[in-house]
Protein chains: 2
Amino acid sequence: MAQEQKDQVDENFVKEKEAAFAEFIQRKGLKTTRQRNTIISTFFRLRGHISVEELLTEVKKANPRIGYATVYRTLHLLVESNLVDERRFGYGLARYEGHSDVEHHDHMICLECGMISEFFNPRLEALQEKLAEENNFTIFRHRLELYGACQDKEACDRRKNQKAAEAQGA
Amino acid sequence: MAQEQKDQVDENFVKEKEAAFAEFIQRKGLKTTRQRNTIISTFFRLRGHISVEELLTEVKKANPRIGYATVYRTLHLLVESNLVDERRFGYGLARYEGHSDVEHHDHMICLECGMISEFFNPRLEALQEKLAEENNFTIFRHRLELYGACQDKEACDRRKNQKAAEAQGA
DNA sequence: GTCGAAAATGAAAATTGTTTTCGTAATCCA
DNA sequence: TGGATTACGAAAACAATTTTCATTTTCGAC
């Protein structure tokens with residue numbers, strides 16, 4: 001499964017992001033470094049909502065000398081460059097999401113299996129705009145998170161078990 | 001302004017909450033203490049979305065010996081008793097909100113002056129339910145936060161200046 | 001290419017917000 | 001009014017993140 005996913009990495013997507021980041025670095029007068037390249041290349045090969053720890057673990061496989069500080073610093077740059085969104089579901093722990101096609105979207109989070117799915121609905125967006133307008137408010141951005149449970153209990157259990165197994169193995 | 005607000009404290013509201021908390025404490029077999037009484041009485045006299053620090057500052061005026069630990073512990077009890085909601089807007093810092101009439105509501109947060117206003121819209125709720133259903137998902141709770149700016153720049157500036165002044169004074 | 005200023009790195013220390021520990025004190029039911 | 005139970009407060013621990021600082025790397029000017 002994870003294997004399968006890894007094989008599906010879209011090299012063009014990764015290249016595109018790398019290029020965009022390089023452009024950003026250039027524009028800001030910052031410097032290109034091996035570490036940053038490793039980190040962003042690793043980041044965009046992963047999918048989903050990645051924690052710093054998860055990313056660092058992967059990054060260390062390519063270069064074990066890279067530490068938390070550099071990963072944090074690079075993630076901040078990625079956020080600043082608008083290539084990545086920072087999310088905080090529930091408590092503390094930040095997660096980072098490299099957005100692909102869908103620019104903006106909201107999230108549904110299953111409290112059982114941890115599944116995070118994304119959705120976008122123009123009527124919802126419009127309604128928010130309308131409500132903001134009624135309150136003399138201008139929206140820059142918003143966040144909407146639906147917490148609940150999958151209705152497909154089988155799939156949900158499967159994911160839950162897999163997660164448990166992974167936690168075991170780690 | 002703050003003065004005016006202080007005078008408007010609804011003593012019945014405070015009494016009601018104190019009684020409800022006492023009942024909760026009783027039901028759980030916990031003990032009534034002077035500190036807890038001070039904290040909840042102080043809390044429900046404040047309004048808005050209160051941080052632990054803000055609360056502690058007020059509490060210390062009544063009893064300077066009360067420290068962070070007890071405030072945190074009491075806030076947890078308040079959340080557990082359902083008399084208070086915990087919110088986390090944007091980053092880290094938890095804020096606590098003693099809910100009055102409106103059970104559930106969402107928030108608009110002005111990034112300029114920090115104003116937090118609350119709203120509720122049944123169509124929005126219904127639409128969320130519909131979208132969840134389409135994704136075979138059951139919502140337990142949700143959070144929606146609109147980040148942006150007040151359109152009334154004058155009022156916004158006034159609040160911003162007041163906040164700056166308060167920060168000065170503190 | 002090489003110099004040198006500017007920026008980046010990594011390890012460790014610092015910060016922030018919050019929780020836990022632990023010895024002492026208060027509560028409250030029998 | 002014990003005395004077991006619970007709470008308190010100060011300080012230590014914690015987890016996530018940021019900063020510091022000495023060292024190394026980058027890259028444009030020469």
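All heavy atoms count here, side chains included; hydrogens, waters and symmetry mates do not. Lettering follows sequence order; numbering is per chain, from 1.
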For atom CG of B/Leu77 and atom C1' of D/dT6, their distance in whole Å: 12 Å
Side chain proximity check, A/Ile139 to A/Gln128, heavy atoms < 4.5 angstrom: yes
Nearest-nucleotide 5' precedence on DNA chain D, A/Thr32 against B/Gln35: B/Gln35
Atom-pair distance (CZ on B/Arg95; C1' on C/dG17), nearest Å: 13 Å
ILVMFWY network linking B/Ile40 to B/Val52, side-chain heavy atoms under 4.5 angstrom: yes
Salt-bridge criterion met for A/Arg45 and A/Glu58 (N-O under 4.0 Å): no
Sugar-phosphate only, base, or nothing, as touched by B/Arg73 at under 4.0 Å among non-hydrogen atoms: base
Rounded distance in Å - CD (B/Gln26) to P (D/dA7): 13 Å
Options C/dT20, C/dG10, C/dA8, nucleotide nearest the side-chain atoms of A/Arg36: C/dA8
Single-linkage hydrophobic cluster B/Tyr72~B/Ile66, side-chain heavy atoms < 4.5 angstrom: yes
A/Ala69 side chain, from C-beta outward: closest of D/dT19, C/dT18, D/dG9: D/dT19
Selected nucleotide, minimal atom distance to B/Arg34 side chain, candidates C/dA8, D/dT17, C/dA26: C/dA26
Any A/Tyr72 side-chain nitrogen or oxygen under 4.0 Å from OP1 or OP2 of D/dT17: yes
Whole angstrom value for the distance that separates P of D/dA16 from CD of A/Glu53: 7 Å
Upstream residue (5' side of DNA chain C) when A/Ile39 and B/Tyr68 are each assigned their closest nucleotide: A/Ile39
Whole-Å gap separating C1' (C/dG17) and CD (B/Glu86): 11 Å
Nearest-angstrom distance from the residue atom CG of B/Leu93 to P of D/dT18: 15 Å
Distance test, side-chain N/O of A/Thr33 to OP1/OP2 of C/dT9, below 4.0 Å: yes
C/dA26 base / B/Lys31 side chain donor-acceptor hit below 3.5 Å: no
side-chain N/O B/His76 vs C/dT18 OP1/OP2, d < 4.0 Å: no
Joint hydrophobic cluster, A/Ile116 plus B/Leu144, side-chain heavy atoms closer than 4.5 Å: no
Separation of D/dC8 C1' from B/Lys60 NZ (nearest whole Å): 13 Å
Out of D/dA11, C/dT9, D/dT6, whichever nucleotide has its closest atom nearest the side chain of B/Leu30: D/dT6
Which nucleotide in C/dA11, D/dG9, C/dA7 has an atom nearest any side-chain atom of B/Thr70: D/dG9
Nearest-angstrom distance from the residue atom CG of A/Asn37 to C1' of D/dC27: 15 Å
